[in-house]
Every structure is written in structure tokens, then in C-alpha cells.
Amino acid sequence: MKILVVGGAGYIGSICAELLLDQGHEIAVFDNLSEGHRHAIDPRARFIEGDLQDRQAIDSALAVARPEAVMHFAASALVSESMRDPSKYFRNNISNGLNLLDAMEAAHVERIVFSSTCAIFGPPERLPIDETAPTRPINPYGESKLAFEKILRWYDEIHGLKFVSLRYFNAAGASANFGEDHRVETHLIPNALKVALGQKPHVEIFGTDYETPDGTCIRDYIHIVDLARAHILALDAARSELYNLGTGGGASVREVIAACRKITGKKIDTVEKPRRPGDPPRLIASSEKIKNELGWRPQFQSLDAIIESAWKWHQKFPHGYGD
Ligand code: UFG
């Protein structure tokens, strides 16, 4: 298929583009390089530099790439930042996303795979979180993604747009070539690995008084390659759907740091800090629906395998993409 990967220079988009290219798809990447990196774009892809604020740029990208489907990864995606600057999240994730949908409609592109998040749920009533769980986000990031899912539903009903929305839990790990390099790194695993690389003195633990066995937050870490495979399956989905995507396992912040110590063989000092605003205590996915309906099977179930792949990539590229 011909696919336009919007946000294809970012962490998740770059690895999805790589897998799609490995499978013989024709890929164009549309990205403004604000969060993404030029060197994260697979050289086999056509790169179109542009911004979702700019409707004309999207129109011309669609005219050049002539995609049969769009994958939409371009978003602001930090819970803590969204608690300080909600406007950025509503603008980038809703208004700019609408530009993309309207341009798709005008160009008769009728299929989209959308990057959503477990942050749409807020603190869960029961675990694991399946697709019937109430959606009550506790941060503007989750609210913006939830709003966009609702918009997709209406565009399907009114314009016939077929969508699959994938609610990622915690994406982590790397492929051999592409990995996680944010200009401002807020995520736990890369921060712990930067300590192992000697680039940071310690990793901070945000909150040690949660109602969890060791007092730190529990998350469901999913290997980025498994996540990317779900996108490829979503391209063939028969109808519009929403799917949660995780492994069904949970690891606390302390457990993640312990696993990083074991895999890297480094000490990794920690400093305990207060809770980070907007963080729910526990998030664990039920992915039964995507397993049953699209036949998705995660291949990397263990946290160790995820961290090992990330560690390999960080050792190979200690300064990430270098920009
Ligand atoms: N954490 C630390 N120290 C750090 C970084 C993170 O203790 O240096 C903690 C966080 O407080 C949280 C856990 O580690 O409890 C995981 O944090 P990340 O920043 O790695 O990931 P998040 O769970 O905040 O974010 C992920 C996705 C978001 C999504 C969110 C839902 O990256 O897109 O889950 O809560 F919205």
C-alpha cells in the first residue's frame, strides 16, 4: 500500500515506517521535525517536511504521496507538559489533527490509523483496562486524544472515514536502527539508561507514596516493535474500531530501574521526588480485543527484552540522532 506516515520522524512513527517498508509498502513521511529527527526517517521513505498547522502543506503532501491510508503519530505527548500548557495540547492534537482529516476528506483518503493513549482513561476502576472502561482523563493530553477519537467517530459516520485508534500504554524499547530520542527526555526507561551511560548523575523517582506494593507507579510497558506490528494489522481492519494496546503486565518505577541495573550492569543512582502531576498510580491494559479481532500477538512479553533492545540502541547511538 501507499501510506503517508504523519509524524514519521518521531519515536513510534519512525519504527512503524521502518516495519512498513520492510513489508514492501511505499512510505512517505510528513513531519515538521519539531520533536522528530531527520535521521530517524528511514532512507527508503520519501520525506515531506511540513506542519499540520498548514492545510496547504497537507494538501500538497497528499497530492504528492497519493496514499491509500494515513498513519497519524504527530502530536504533543507529555502528560506533565500538558498540565502546564493545555493550549498546546488542544491546538496540536485537536485543531491540527482536524486539518489532516479535512485534507484527507478532500483528497478522498478514507483510512486512518490513529495514535491514541491509555491517558484517555484516567485512574481505572478495575484492572486490566479494557475498551469498555469509562474514559475520564485526568490531564489535558488524555483529554485531547479522547476528543480526537470522538471526532474520528463522527467523520466515519458522516464522511465514511475508516479509522482504527490504538490506545498505547507505555511504548518502550527500540528496533536495531531506530529508538527513543526526545530533545527533552521525560520518560523513565531512557532516563534510567542515560544514567547507565554516564550522561546523568541519577534518575528521579516521581512519587513513592502511591497505593502500590512499593509505593511507585505501575505501568504496562509494550515493546515498540509489537506496537508497530499492531499498526500494520490495523491497516486491514474491516471496520472502524478502538483498541487498547499493552502486554497486560505491570512494572513499578522501582522494578523498571532494577531491571535497567540488571541489564546494563551499572549502578543507576536514584533520587526520590514528589509525585508528578497528572500521573495515575496504575495503568495496565487488556489487549484481548485486538488479539481476538485482528490477531495481534506481542512477541516481546518481558520487560527485560524491552529494556535490552533499548540498551542496545542507546549504546550504539549514545547521543541519539545527534541533533
Ligand atoms: N518516572 C519517574 N522518573 C522519570 C520519568 C518517569 O519516576 O524520570 C515515572 C513517572 O512518574 C511514571 C512512570 O515513571 O509513573 C512512567 O513515566 P513515563 O514518563 O515513562 O511514561 P508515562 O506513563 O508518563 O507516559 C506514558 C506515555 C504517554 C501516556 C501516558 C499515560 O508516554 O503518552 O503513559 O499516563 F499518555
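When a ligand or atom number is given, it counts from 1 through the structure's own listing order. Since the model is a prediction, treat every value here as computed from it, not as a measurement.
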Centroid-centroid distance, [X] to [Y], less than 6.0 Å:
X	Y	answer
Y321	W313	yes
F148	F114	yes
H231	F73	yes

Would you mind listing which atoms of ligand 1 come within a distance below 4.0 Å of any non-hydrogen atom of [X]?
X	result
N191	8 (O)
E204	2 (C), 3 (N), 4 (C), 7 (O), 8 (O)
A77	33 (O)
T186	5 (C), 6 (C), 19 (O)
I205	7 (O)
T117	29 (C), 36 (F)
Y141	28 (C), 29 (C), 33 (O), 36 (F)

Contact (N/O only, under 3.5 Å) between [X] and ligand 1:
X	result
F206	yes
C217	no
Y221	no

Nearest to [atom], what protein heavy atom do you find, and at what distance?
atom	result
atom 35 (O) of ligand 1	L283 CD1, 3.5 Å
atom 11 (O) of ligand 1	D279 OD2, 2.6 Å
atom 14 (O) of ligand 1	V253 CG2, 3.5 Å
atom 20 (O) of ligand 1	L188 N, 2.9 Å
atom 34 (O) of ligand 1	N170 OD1, 3.6 Å
atom 17 (O) of ligand 1	R276 NH2, 3.4 Å
atom 30 (C) of ligand 1	V79 CG2, 4.1 Å

Stacked cation flag R111 on F163, 6.0 angstrom / 45 deg
no
Residues [X] and [Y] bridged, charged N to O under 4.0 Å:
X	Y	value
R55	D59	yes
D323	R38	no
E26	R66	no
R44	D22	yes

When Y243 is tested against each of E293, K291, E288 for side chain to side chain donor-acceptor pair (under 3.5 Å), which residue passes?
E293
Flag yes if W296 and V164 sit in one hydrophobic cluster, no otherwise; membership is Ile, Leu, Val, Met, Phe, Trp, Tyr, and two members link when side-chain heavy atoms are under 4.5 Å apart.
yes
Does [X] approach ligand 1 within less than 4.0 angstrom via side chain, backbone, both or neither, non-hydrogen atoms only?
X	answer
K273	neither
Y168	neither
C118	side chain

Verdict with supporting geometry, Y221 and F169, ring pair (Phe, Tyr, Trp, His ring centres under 6.0 Å):
CA-CA 7 Å; Y221 294 88; F169 282 60; over 10 Å; no
Out of R275, K145, H187, R167, who is nearest to atom 27 (C) of ligand 1 when you count heavy atoms only?
H187
S115 versus I12: any side-chain heavy-atom pair under 4.5 Å?
no
If you count the non-hydrogen atoms of other residues, nucleotides and ligands that lie under 6.0 Å from CD in E143, is the total more than 12?
yes
